[in-house]
Amino acid sequence: MSTSQPDASRQPEDSATPDSILHARTGTEVSPEDLVLASGKDLTPQNLEWAERKLAEEGPAALDKILP
């Protein structure tokens with residue numbers, strides 16, 4: 001009985017995705033809710049205020065700084 005060899009063109013499941021194909025945003029507007037959820041925080045009035053301030057200061061780049 002022969003054992004099959006893994007296809008050399010397939011990536012192993014534990015390999016990391018290259019940075020060149022990772023994308024943090026889709027080009028759409030970033031909402032305060034998006035920023036709060038991406039940061040792992042709960043949607044509370046205080047966290048939404050934090051996100052609004054962060055977006056006002058940094059714009060959509062605030063989300064890029066949080067996501068890989």
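As the structure is a computational prediction, the values presented were derived from the model and not from experiment. Worth knowing before you read on, the calculation uses all heavy atoms, side chains too, and leaves out hydrogens, waters and symmetry mates.
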(message) Nearest 0.5 angstrom please: Leu35 CG to Arg53 CZ, how far?
(response) 11.0 Å
(request) Drop me the distance from Glu33's CD to Asn47's CG, to the nearest 0.5 angstrom. (result) 11.5 Å
(request) Specify the closest pair of heavy atoms between Ala51 and Pro32, including all atoms of both residues, with the distance to one decimal. (result) CB-O, 3.4 Å
(request) Output the distance between atom CD1 (Ile66) and atom CD (Glu58), rounded to the nearest 0.5 Å. (result) 8.0 Å
(request) To the nearest 0.5 Å, tell me how far Leu37 CG sits from Leu43 CG. (result) 4.5 Å
(message) Test your reading of the model: is there a side-chain donor-acceptor pair from Asp34 to the backbone of Ser31, 3.5 Å cut-off?
(response) yes
